[in-house]
Amino acid sequence: GAEGRVTNLPIYSRRECVSENNMAEKHTHPEAIADAHADQRAWVFVLLFTAASWFVLSVSLADDATRAGFQPGLEPWLREGASHIASLIGFLIVPFMLSRFPVSLQSWKTSLPAHILASIAFSIIHTLIMVALRKISYPPLVGYAYEFGLADPSIWLYEYRNDAYSYVLVVTFFAVSRTMEQRRLEAQAARSDARKEGRLTLKSGGRTLFLNAEDVIYAAAASNYVEITTQHGTHLARMTLSSLERLLAETGTNHIRVHRSYIVHGDHIQEIIPTRDGNVTIQLDNGVTLTGSRGYRDRLPGEVQHA
């Protein structure tokens with residue numbers, strides 16, 4: 001019977017199973033995957049920036065020493081190399097901190113103190129590793145011991161001023177990269193909704209607005225926004241007209257770009273009247289009159305054109 005069965009498989013409680021499922025779901029969630037991709041790009045940028053900084057500062061130190069009548073040898077490269085390698089190691093805390101304390105206006109009261117403490121931790125990590133690397137490398141490569149003076153509080157303060165700037169800069173790199181990736185993810189989801197459900201997902205006044213694509217009569221460019229007129233009202237969305245055009249194309253509706261500033265639903269065009277300058281006047285069935293430019297005339301339905 002079941003009571004006498006022996007197994008070597010581990011026995012988990014229900015809570016442990018749920019916890020493991022939640023962890024697996026967390027690591028495979030699109031948001032987490034997007035952050036991972038964003039962090040990879042940020043690391044590439046940080047590595048390139050660090051390498052460039054190492055080179056420029058080392059060359060500058062070597063040039064200053066030469067002008068002063070010294071032969072610097074490897075010392076400038078070892079000095080700056082130790083500092084930059086230590087910085088890269090310290091930067092490992094940045095993605096961890098951003099995942100737990102995102103930088104945003106909504107959470108700044110919590111995230112700001114946390115990142116200040118993290119910047120202090122980063123400075124301590126950077127300084128200790130930097131000094132250790134210099135003490136190890138200087139005797140065999142430059143012929144003398146390296147002295148730093150860790151007991152002097154003013155040196156720690158000096159290092160923190162520089163390290164705080166580096167920490168803020170790298171946090172900005174990672175935060176911007178994550179924001180860009182999240183926007184790409186949102187745009188991808190919006191295209192998927194448009195293609196599968198014929199629904200437009202738009203940002204409007206700090207809210208997410210959902211519109212049936214068939215309800216859009218016309219849209220007009222308005223600086224960094226698009227003014228979208230539907231059968232039920234007018235909405236202002238933060239996007240370009242070209243972005244809206246691509247989104248509408250995913251829905252398969254009969255929307256037509258008639259001007260660099262206008263998109264209209266072809267089913268609502270009542271009359272198209274050519275003008276002497278090669279453009280057209282477009283009359284919609286709701287009484288609105290729009291201008292169509294000659295560069296887009298080949299997209300217009302010829303069967304409703306009037307001489």
Side-chain angles (χ1 to χ4, degrees), residues 34-103 111-112 114-181:
D35 281 347
H37 290 164
D39 288 350
Q40 290 173 4
R41 285 198 301 270
W43 274 119
V44 171
F45 189 83
V46 169
L47 287 169
L48 292 175
F49 183 85
T50 302
S53 175
W54 181 7
F55 177 80
V56 171
L57 292 177
S58 298
V59 170
S60 297
L61 286 176
D63 185 61
D64 290 342
T66 302
R67 291 175 182 275
F70 299 101
Q71 293 298 324
L74 292 176
E75 198 275 340
W77 298 90
L78 292 175
R79 171 182 290 271
E80 292 303 324
S83 177
H84 285 74
I85 290 172
S87 292
L88 287 174
I89 295 172
F91 290 150
L92 292 172
I93 69 174
V94 170
F96 174 85
M97 290 299 299
L98 279 177
S99 295
R100 285 150 184 78
F101 302 97
V103 177
S111 61
L112 181 59
H115 281 286
I116 290 175
L117 292 175
S119 70
I120 295 173
F122 165 74
S123 183
I124 294 172
I125 293 170
H126 168 258
T127 302
L128 292 176
I129 295 176
M130 176 188 70
V131 172
L133 291 175
R134 289 176 179 175
K135 284 184 174 294
I136 292 170
S137 62
Y138 267 50
L141 295 177
V142 298
Y144 57 85
Y146 175 77
E147 299 296 333
F148 185 75
L150 290 174
D152 186 351
S154 65
I155 291 181
W156 287 94
L157 183 60
Y158 171 80
E159 291 296 330
Y160 178 71
R161 286 201 300 265
N162 295 328
D163 291 338
Y165 171 78
S166 298
Y167 179 84
V168 170
L169 188 64
V170 172
V171 165
T172 302
F173 289 160
F174 277 85
V176 169
S177 182
R178 288 189 177 192
T179 299
M180 293 174 61
E181 186 65 19

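Ile89 CD1 to Met130 CE: the interatomic distance, rounded to the nearest 0.5 Å, is 12.5 Å. Rounded to the nearest 0.5 Å, atoms CG (Asp39) and OG (Ser99) are 6.5 Å apart. Expressed to the nearest 0.5 Å, how far CD1 of Ile120 lies from CG of Asp163 amounts to 11.5 Å. Distance check: Ile125 CD1 to Leu92 CG gives 8.5 Å after rounding to the nearest 0.5 Å. Separation of atoms OG (Ser166) and CZ (Phe49) is listed at 8.0 Å; rounding is to 0.5 Å. Distance CD1/Ile124 to NE2/His126: 13.0 Å, rounded to 0.5 Å.
Counting heavy atoms from C-beta outward, Met97 and Phe122 have side chains that stay 4.5 Å or more apart. Using a 4.5 Å cut-off on side-chain heavy atoms (C-beta onward), Trp156 and Leu150 make contact. With contacts defined as side-chain heavy-atom distances shorter than 4.5 Å, the pair Phe148/Thr127 qualifies. The closest side-chain heavy-atom distance from Ser177 to Phe45 is not below 4.5 Å. Between Ser83 and Arg134 the shortest side-chain heavy-atom distance falls below 4.5 Å.
Listed for the Ser111 side chain is no donor-acceptor partner under 3.5 Å among the backbone atoms of Val103. Of the possible polar contacts, none joining the Ser123 side chain to the Ser119 backbone as a donor-acceptor pair under 3.5 Å is found. A donor-acceptor contact shorter than 3.5 Å links the side chain of His115 to the backbone of Phe101.
Annotation for Ala38 and Glu181: closest pair CB-CB, 3.7 Å, computed over non-hydrogen atoms. Residue Leu98 comes nearest to Ala175 through the heavy atom pair CD1-N, 3.8 Å, listed as atom of the first residue, atom of the second, then distance. Nearest heavy atom pair, residue Phe173 against residue Val46, reads CD1-CG2, 3.7 Å. When all heavy atoms are compared, the tightest approach of Ala145 to Pro139 is CA-CG, 4.3 Å. Residues His84 and Ser53 come closest through the heavy atom pair NE2-OG, 2.8 Å.
The ring of Trp43 has its center closer than 6.0 angstrom to the ring center of Phe174.
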Checklist entry - Should Phe91 and Leu88 be marked as a side chain to side chain contact (heavy atoms under 4.5 Å, CB included) after you check the CA-CA gap, both sets of side-chain angles, and the distance that decides it? => result CA-CA 5 Å; Phe91 290 150; Leu88 287 174; 4.2 Å; yes

Next on the checklist: Leu57 vs Leu61, test: side chain to side chain contact (heavy atoms under 4.5 Å, CB included). Steps then yes/no.
Outcome noted: CA-CA 6 Å; Leu57 292 177; Leu61 286 176; 5.5 Å; no

Donor-acceptor list for residues 68-78 side chains, cut-off 3.5 Å, not counting sequence neighbours:
from, atom 1, to, atom 2, distance (Å)
Glu75, OE2, Arg79, NE, 3.0
Glu75, OE2, Arg79, NH2, 3.3
Glu75, OE2, Tyr138, OH, 2.5

